[in-house]
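These notes are about the structure you will find just below.
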Amino acid sequence: MFPRPIQKSSPAAQWLYAVALPIALIVWLFPLLGVALTSLRPASDLAQGNYFGMPSGIAWENYVYIFTETPIGQYMINSLWVTIPTVIGAVGLSLMTGFALAVYGFRANILVFFMFVAGNFVPFQILMVPVRDMTLQLGMYDTWYGLALFHIAFNTGFCTLFMRNFIKALPFELIEAARVEGVSEWRIFWYIVLPLMRPAIAALSVLVFTFIWNDFFWATVLTQGVDSQPITAGLSSLNGQWIAQWHLVSAGSILAALPPVVMFFLMQKHFIAGLTLGAVK
């Protein structure tokens, strides 16, 4: 049922694993290394067609330029304004809905849970026109809070499914014992369930943060100005009118990728614990 540890495999399998792992790692990292190399490439190299060779020099000024001559700082602030409220809203709502679906046995429980699950299978592309029209009618088009509210609504279904399964795996005897002692449902949720959910909260927060920070589709559909566009949509503005400034776009892409990476490494311990919670008894 579970994969066999590589140490217990045959010598041939261990040799194949030792050879395939670095190859797969290089293939996976090759695009990122290419973007990092281009971000340090002088503009003259690109003008001369040197796209894939070694750069003629190290142009650290590309990173200085995008901060001093472009609004990339504002784009990153916009991304924070969108991502942080989305993480708090989606995770907070899913904790309460997940608790209700996991603990209470009302008749409509299965139907409500099915609706949350079914919502995850709706292709978000087909929602582009109605969502854009709705934000226009509500006066929230081209605003960071309109984009954040949409992400909260769209991600709560997945987060609820995630939280419900974690809460379902917790020992129900703790909740029953608290009820016997006369503890209210709100205090059971706040003082018993919530502390046990910290690894799951950390894991889900990292996932949602990464999803929303890297979103490009809805960032381009629901925003269009410097005051509201996230970093993923704002990177396209680093191109000139007549020439593609790939060295600046690459430098901006590297900077845009740093916050999710930093958050993952800061929350790595809790993230792994959250993903493996309930895997073993």
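Scope of the values below: all heavy atoms of this structure, side chains included, with no hydrogens, waters or symmetry mates. No experiment lies behind these values; they were computed from the predicted model shown.
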- Message: Strictly by side chain to side chain donor-acceptor pair (under 3.5 Å), give each pair with a member in residues 180-189 just once, sequence neighbours left out.
- Response: Tyr104-Glu185, Arg179-Glu185

- Donor-acceptor contact below 3.5 Å, side chain Asn62 vs main chain Pro42: no

- Note on the structure: Sequence neighbours excluded, the answer for side chain to side chain donor-acceptor pair (under 3.5 Å) partners of Thr223 is none

- Message: Suppose we screen for side chain to side chain donor-acceptor pair (under 3.5 Å). Which residues come up paired with Tyr63, at least two apart in sequence or across chains?
- Response: Ser39

- Message: The test is side-chain contact (heavy atoms from CB on, under 4.5 Å); show your working for Leu147 and Met140 and say whether it passes.
- Response: CA-CA 8 Å; Leu147 183 58; Met140 294 190 300; over 6 Å; no

- Item | Heavy-atom side-chain proximity of Lys168 to Leu101 below 4.5 angstrom | no

- Heavy-atom pair with the smallest gap, counting every atom of Ile192 and Leu196: O-CG, 3.3 Å

- Message: I'd like to check the side chain to side chain contact (heavy atoms under 4.5 Å, CB included) partners of Pro130; sequence neighbours left out, ordered by chain and number.
- Response: none

- Message: To the closest 0.5 Å, what do you measure between CH2 (Trp190) and CG (Leu95)?
- Response: 9.5 Å

- Message: Could you check whether any side-chain heavy atom of Met197 comes within less than 4.5 Å of a side-chain heavy atom of Leu170, counting everything from C-beta outward?
- Response: yes

- Item | Side chains of Arg41 and Ser250 in contact at under 4.5 Å (non-hydrogen atoms) | no

- Contact list for residues 75-100, test side chain to side chain donor-acceptor pair (under 3.5 Å), sequence neighbours left out: Gln74-Asn78, Tyr75-Ser237, Thr97-Thr160

- Under a 4.5 Å side-chain heavy-atom rule over Ile, Leu, Val, Met, Phe, Trp and Tyr, are Phe30 and Leu40 clustered together? no

- Task: Quick one: closest heavy-atom pair of Ile23 and Val19, and the distance?
- Result: CG1-O, 3.3 Å

- With a 4.5 Å heavy-atom cut-off, do Leu194 and Phe99 have their side chains touching? no

Indicate every side-chain donor-acceptor pair of residues 212-220 with a distance under 3.5 Å to a residue at least two apart or in another chain.
residue: Trp213; atom: NE1; partner: Ala256; partner atom: O; Å: 2.6
residue: Asn214; atom: ND2; partner: Thr210; partner atom: O; Å: 3.2
residue: Asp215; atom: OD2; partner: Trp218; partner atom: N; Å: 3.4
residue: Asp215; atom: OD2; partner: Ala219; partner atom: N; Å: 3.1
residue: Thr220; atom: OG1; partner: Phe216; partner atom: O; Å: 3.1
residue: Thr220; atom: OG1; partner: Phe217; partner atom: O; Å: 2.7

Output side-chain donor-acceptor pairs under 3.5 Å for residues 152-159, partner residues at least two apart or in another chain, one line each.
residue: Asn155; atom: ND2; partner: His151; partner atom: O; Å: 2.7
residue: Thr156; atom: OG1; partner: Ile152; partner atom: O; Å: 2.4

- Message: Once side chain to side chain contact (heavy atoms under 4.5 Å, CB included) is applied, do any residues pair with Met96, and if so which ones, sequence neighbours excluded?
- Response: Leu93, Phe189

- Query: Which side chain to side chain donor-acceptor pair (under 3.5 Å) pairs, counting each pair once, include a residue from residues 124-145, with sequence neighbours left out?
  - Reply: Asp142-Ser228

- side chain to side chain donor-acceptor pair (under 3.5 Å) pairs, two or more places apart, involving residues 14-29: none

- Item | Same apolar cluster (I L V M F W Y, side chains within < 4.5 Å links), Ile84/Val82 | yes

- Query: Listed by chain and number, what are the side chain to side chain contact (heavy atoms under 4.5 Å, CB included) partners of Phe114, not counting sequence neighbours?
  - Reply: Ala118

- Item | For the student: nearest non-hydrogen atoms of Ile201 and Ser205, plus distance | O-OG, 2.7 Å

- To the nearest 0.5 Å, how far apart are CD in Gln245 and CD1 in Ile66? 11.5 Å

- Message: Looking at every non-hydrogen atom in both residues, tell me the closest pair between Met76 and Leu255 and how far apart they are.
- Response: CE-O, 3.7 Å

- Same cluster for Ile254 and Val64 if Ile/Leu/Val/Met/Phe/Trp/Tyr side chains link at under 4.5 Å? no

- Query: Which heavy atom in Ala102 sits nearest to a heavy atom in Ile167, and how many Å separate them?
  - Reply: CB-CG2, 3.6 Å

- Query: Under the side chain to side chain contact (heavy atoms under 4.5 Å, CB included) test, which residues partner Phe265, sequence neighbours left out?
  - Reply: Val261, Gln268

- Value rounded to 0.5 Å, distance of CG in Leu235 from CD1 in Ile72: 6.0 Å

- Is there a path from Tyr191 to Val193 through hydrophobic residues (I, L, V, M, F, W, Y) whose side chains come within less than 4.5 Å of each other? yes

- Check the pair Val131 / Leu222 against side-chain contact (heavy atoms from CB on, under 4.5 Å), numbers first and verdict last. CA-CA 8 Å; Val131 168; Leu222 300 181; 4.0 Å; yes

- Same cluster for Trp246 and Leu37 if Ile/Leu/Val/Met/Phe/Trp/Tyr side chains link at under 4.5 Å? no

